[in-house]
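Step one of this worksheet: look at the structure below.
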Amino acid sequence: MLLHAHRRLAVPLLVFSLASGAGLAQPAAPASPDPAKQLAGIWGGERVFGPEVQGELTLLRDNGAWVARIGGFEAPGREEKKALSVVLPGGQGELRGALTPGGKRFVGHWIQRAIVVGGVRYATPVELRAVQKDVWRGAVKPMEDRFTLYLVVQEAPDGTVQAIMRNPEKNFPPQPVFRVSMTGNTVRLVSAREGGPRFEGTYDARAEKLSLPFMFLGTLDLTRRDREQAVSLYARTPSPGPYTYRKPIPEEDGWATASLADVGMDPAPVRELVQRILDAEPGDASAPRIHGLLIARHGKLVVEEYFHGYDKERPHDLRSAAKTFAPVLVGIAIDQGARLAPETPVYSLFPDYKEPGTPDPRKARLTVEHLMTMTSGLACDDDNGDSPGNENTLQEQESDWYTYTLNLPMEREPGAEQAVYCSAGMNLLGGVLRNTTGTWLPDFFARSLATPLQMRDYHLNLTPAGDAYLGGGFHLRPRDALKLGQLYLSGGVWNGRRVVSKRWVERSVARHSVMSADRTYGYAWWRHELKVGDRVYSEYEAGGNGGQFIMVIPELDLTVMFTGGNYSQFPVWKKFREELLPKYILAAARK
């Protein structure tokens with residue numbers, strides 16, 4: 001999953017053959033040392049693709065004409081209905097927003113050009129403040145476009161040489177164990193998994209450089225690294241030794257903080273969990289790659305730990321955990337008076353849509369609730385690569401994704417109890433919100449959710465048509481993402497402010513459909529029963545590929561946030577809930 005937060009990547013295999021001959025049997029020669037063994041150690045390399053346009057942005061108004069200056073660019077602005085837009089030449093970036101009443105601030109979003117490692121654009125909040133009459137100034141901080149690659153080369157128990165490939169940003173490839181061979185200066189990496197990817201590069205012994213062609217990214221030059229030069233490979237650098245718990249530091253983002261003891265939690269299991277994360281070896285392909293661990297109890301943040309180069313200010317890809325924001329926004333829109341309800345027929349909300357061919361009468365019975373509960377009945381199954389509504393197929397479309405989804409055939413009656421995982425249907429809620437609120441989705445998200453939850457510095461991935469993609473992939477600071485769990489635990493209130501109605505919260509986390517024998521589904525909330533000793537706790541969560549979890553355990557007044565890098569390694573990251581949460585966190589909170 002390199003090109004997009006959810007898109008699969010077809011990897012071209014580098015096919016090679018070794019010449020062989022036949023002849024009379026010869027006496028066995030002494031085995032020569034495997035030349036690949038000289039590569040043992042850690043290799044690393046990075047490519048940063050931008051974005052080039054970032055930093056201070058100045059907005060000026062001169063006799064009614066608008067001009068924006070940033071990064072050496074100077075571009076005119078266009079004002080329409082009190083909204084202002086500025087487009088830089090060559091598609092280098094775009095500013096969208098408006099002045100607040102009184103003109104003291106300009107609030108909006110910066111849209112960066114499509115990133116190389118992902119292929120999509122992102123919208124990032126921007127706030128400019130008046131520095132003098134008709135001059136506003138602030139900072140643009142788009143998402144960094146980076147690709148990092150590590151190779152941990154080591155001798156296997158059978159004497160062969162293997163490498164663990166680690167890409168912290170996308171975990172590509174997801175099955176990272178390769179067999180290593182070297183002939184002359186040619187190095188070959190062949191996946192240990194049948195049919196997996198192969199790579200062929202060159203080794204310069206004099207320069208201690210391993211050059212590896214890596215698809216469209218070009219050649220990555222990897223150099224030897226020690227621990228201090230491989231920050232995102234290890235949990236912490238340098239090795240921290242025994243973990244010492246510290247109470248989180250309060251900030252101006254709405255979170256009150258406390259110690260574990262203050263909220264009646266036993267520090268011992270939590271210390272054990274963090275030590276387990278710190279002790280994980282980078283050469284272990286099956287180890288949890290936890291990037292962040294946050295715990296809040298009784299409304300107070302009591303654990304905040306980051307690993308593998310992440311920190312509190314680095315927004316993390318939430319993958320499909322961001323889906324849960326879609327029904328939250330629907331509930332807020334209803335609270336604000338939008339002509340919308342869970343029972344509203346979906347197709348009635350797209351009056352300009354014309355269905356091709358003979359209409360399917362079942363589409364008239366498809367409601368907003370069906371989209372939120374994955375029971376739309378559309379031919380949309382993310383677990384079936386041949387499904388026309390599969391997310392990868394959707395994201396290959398250059399046309400409007402809402403129209404593509406509306407055009408999907410029906411496979412079953414809407415509203416069946418059995419859910420079918422469908423990102424396209426969740427994203428279609430973006431069209432529902434756009435058409436019922438008349439608001440660009442990033443603006444609606446900022447005004448109705450991000451601002452009251454005191455979020456900052458997030459990145460919303462956009463569809464080709466320029467709207468926020470509600471199928472997943474938002475990048476949020478973990479402290480801000482955890483607020484969604486706390487908001488629902490508190491019945492729709494954050495720090496005394498009503499954000500969404502209590503009725504909507506209760507309806508959202510109720511059982512609406514069945515995903516599997518042990519997993520039910522609400523409005524994009526997964527529902528589970530977790531056993532700790534002789535106790536069983538109800539838990540609901542927003543969950544995403546790689547180990548992105550916003551977990552709520554109401555009985556314990558507890559919310560938990562994991563961010564992780566085990567993308568496409570479901571057997572690994574499901575342990576975050578099934579093993580780490582009950583064994584170390586729920587056990588600590590049983591007082």
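Computation of the quantities below employed the complete heavy-atom set of this structure, encompassing side-chain atoms and omitting hydrogens, waters and symmetry-equivalent molecules.
- Looking at Leu487, Ile553, Leu484, Leu482 one by one, the single match for side chain to side chain contact (heavy atoms under 4.5 Å, CB included) with Thr559 turns out to be Leu482.
- In terms of the side chain to side chain contact (heavy atoms under 4.5 Å, CB included) criterion, residue partners of Glu355 (sequence neighbours excluded) are, by chain and number, Tyr353, Pro359, Asp360, Lys363.
- Among residues two or more places apart in sequence or in another chain, the salt bridge (charged side-chain N to carboxylate O under 4.0 Å, His left out) test is passed with Glu529 by none.
- Lys141 and Glu313 are not joined by a salt bridge, as no carboxylate oxygen comes within less than 4.0 angstrom of a charged side-chain nitrogen.
- Considering only residues two or more places apart in sequence or on other chains, Tyr537 meets the ring-ring contact (aromatic ring centres under 6.0 Å, His included) condition with none of them.
- For the pair Arg319 and Tyr567, the cation sits on the ring face: its NZ or CZ lies under 6.0 Å from the ring centre, inside 45° of the axis.
- Scanning for ring-ring contact (aromatic ring centres under 6.0 Å, His included) contacts around Trp110 gives an empty result, with sequence neighbours left out.
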Please tabulate, for the side chains in residues 286-295, all donor-acceptor contacts under 3.5 angstrom to protein atoms that are two or more places apart in sequence or on a different chain.
residue : atom : partner : partner atom : Å
Ser286  : OG   : Asp284  : OD1          : 2.9
Arg289  : NH2  : Leu233  : O            : 2.9
His291  : ND1  : His316  : NE2          : 2.8

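- Under the salt bridge (charged side-chain N to carboxylate O under 4.0 Å, His left out) criterion, Asp145 pairs with no residue, sequence neighbours left out.
- The closest side-chain donor-acceptor pair between Ser232 and His308, if any, does not fall under 3.5 angstrom.
- With 3.5 Å as the limit, one finds no donor-acceptor pair spanning the side chains of Thr393 and Gln397.
- Between Tyr347 and Thr405, the shortest heavy-atom distance links the atoms OH-O, 4.5 Å.
- A search for side chain to side chain contact (heavy atoms under 4.5 Å, CB included) contacts involving Asp253 returns Glu251, Trp255, Arg456, Arg477, Arg479, Lys483, not counting sequence neighbours.
- Judged as a ring-ring contact (aromatic ring centres under 6.0 Å, His included), not a single pair has a partner in residues 373-397 (not counting sequence neighbours).
- Not counting sequence neighbours, the partners of Glu305 by the salt bridge (charged side-chain N to carboxylate O under 4.0 Å, His left out) test are Arg236.
- In this structure Arg507 satisfies the salt bridge (charged side-chain N to carboxylate O under 4.0 Å, His left out) test together with Glu343, Glu369, sequence neighbours excluded.
- With sequence neighbours excluded, the residues forming a side chain to side chain contact (heavy atoms under 4.5 Å, CB included) with Glu413 are Arg362, Arg365, listed by chain and number.
- Applying the side chain to side chain contact (heavy atoms under 4.5 Å, CB included) test to Ala450 and every residue at least two apart in sequence or in another chain returns Phe445, Met455, Tyr458.
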